[in-house]
Amino acid sequence: AKREGKNTYRFYSETIKSKTPTSLEMETKLHKALERNEFILHYQPQIDLQSGKIYGIEALIRWNHPHLGFISPAEFIPLAEETGLIVPIGEWVLHTACKQTMKWQEKGFPPLVVSVNLSARQFYQPNLVEMVCEVLKETKLNPAYLELEITESVTMDVGRSIKILSDLKKLGVKISIDDFGTGYSSLAYLKKFPIDKLKIDQSFVRDCLKDASDATIVQTIISMAKNLHLRVIAEGVETQEQLLFLQEQLCHDAQGYFISKPLVFEDLEKMFPKIENT
Ligand code: C2E
Ligand code: CA
Ligand code: CA
Ligand code: CA
């Protein structure tokens with residue numbers, strides 16, 4: 001576009017470029033975001049489809065920049081991964097999620113399992129297991145209430161990922177495979193991974209009532225998970241019809257806008273009956 005003529009370039013640089021920060025500018029802003037407290041976590045409830053009760057929440061990061069406003073994680077997480085900033089940001093997410101979940105329990109609410117997303121870059125940090133162990137100690141959260149979400153991409157390096165996952169399991173935390181069905185993980189290896197849960201990717205759930213092949217994929221993942229003695233959750237559930245379909249297919253758990261949007265921590269309480277302090 002630069003070679004199309006001076007005017008075109010000037011127009012481009014003055015309008016579009018001045019409004020959309022370059023990735024270098026974004027990187028600088030991302031660097032400062034942690035110390036300036038610009039991140040917060042939202043929590044999306046996960047329900048058990050048999051009882052209808054909330055048993056867990058997924059922590060989802062939000063960046064509220066003072067001038068740029070709300071920036072979606074889909075936009076800045078890839079940049080954070082590229083630059084390595086995902087490491088300190090991810091540590092902040094884990095610490096905050098464990099701390100708030102502990103606070104929740106201390107308030108006398110029924111204990112919830114908190115799921116935290118781990119990006120590939122974080123997963124392969126040499127001190128990951130140590131870091132998780134440290135956060136659990138600092139926050140005093142029972143490891144049984146922490147679940148780590150990884151993606152299939154992480155399991156490509158079979159030997160290394162199995163070792164890291166086993167070390168994490170030894171801490172007592174749970175592991176789930178996020179966006180399941182979108183990656184390339186070898187089914188033959190799946191049974192060798194010390195994991196607890198598959199999360200059916202929302203792209204399959206979205207059209208499971210309209211598209212026969214998506215319905216088949218959902219059914220197949222559910223029965224495969226059960227054969228491997230794994231728990232299975234469907235994400236991106238937006239309608240009652242989808243929820244009923246999943247219930248019929250005996251999917252264990254569900255998460256999505258139909259149940260609840262991701263909420264600020266304070267608003268979670270509104271979904272639970274008030275518990276008397278004694
Ligand atoms: P994800 O882990 O697959 O998270 C699910 C995304 O789907 C979230 O988007 C959630 O708000 C959205 N969602 C939930 N229910 C529904 C629904 O019914 N319909 C639709 N259309 N969407 C639904 P969000 O919060 O924008 O996060 C996007 C992605 O950013 C996440 O995808 C995850 O990969 C990444 N991310 C978010 N927080 C973190 C974090 O703390 N650490 C890391 N490493 N990645 C994160
Ligand atoms: Ca996730
Ligand atoms: Ca997902
Ligand atoms: Ca995703």
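Whatever order the structure lists them in is the order used to number ligands and atoms, beginning at 1. Position 1 is the first residue of the sequence; numbering continues from there.
A donor-acceptor contact closer than 3.5 angstrom links the side chains of Q219 and Q249. A donor and an acceptor atom, one from each side chain of Q46 and E58, are nowhere located under 3.5 Å apart.
Ligand 1 has an N or O atom lying under 3.5 Å from an N or O atom of Q44, backbone or side chain. Residue E149 has no N or O atom closer than 3.5 Å to an N or O atom of ligand 1.
Closest non-hydrogen pair, E241 versus L209, comes out as CB-CD1, 3.3 Å.
Of all the atoms in ligand 1, the ones that sit under 4.0 Å from a non-hydrogen atom of P262 are 11 (O). Each of the following atoms of ligand 1 lies closer than 4.0 Å to a heavy atom of E58: 2 (O), 4 (O). Numbered from 1 in the order shown, with element, the atoms of ligand 1 that lie under 4.0 Å from a heavy atom of D179 read 3 (O). Of all atoms in ligand 1, listed by their number and element, those nearer than 4.0 Å to a heavy atom of S119 are 44 (N).
Heavy atoms of R62 come nearer than 4.0 angstrom to ligand 1 in at least one pair. Using a 4.0 Å cutoff on heavy atoms, G236 counts as a contact of ligand 1. Not close to ligand 1: H42, with no non-hydrogen atom less than 4.0 angstrom away.
Among the atoms of D178, an N, O or S atom is found under 3.0 Å from the Ca ion (ligand 2). Between the Ca ion (ligand 2) and S115 there is no N/O/S contact shorter than 3.0 Å. Here E58 reaches the Ca ion (ligand 2): one of its N/O/S atoms is less than 3.0 Å from the metal.
Proximity of Q255 to ligand 1, defined as any heavy-atom pair under 4.0 Å, is not found for any part of the residue.
The salt bridge (Lys or Arg N to Asp or Glu O under 4.0 Å) contacts involving residues 245-264 comprise R231-D253, where partners must be two or more places apart or lie in separate chains.
Using a 4.0 Å cut-off between charged nitrogen and carboxylate oxygen, K107 and E269 count as a salt-bridge pair.
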Listing, residues 26-40 side-chain donor-acceptor contacts under 3.5 Å, not counting sequence neighbours, or none:
from	atom 1	to	atom 2	distance (Å)
T28	OG1	L24	O	2.9
E38	OE1	W63	NE1	3.0

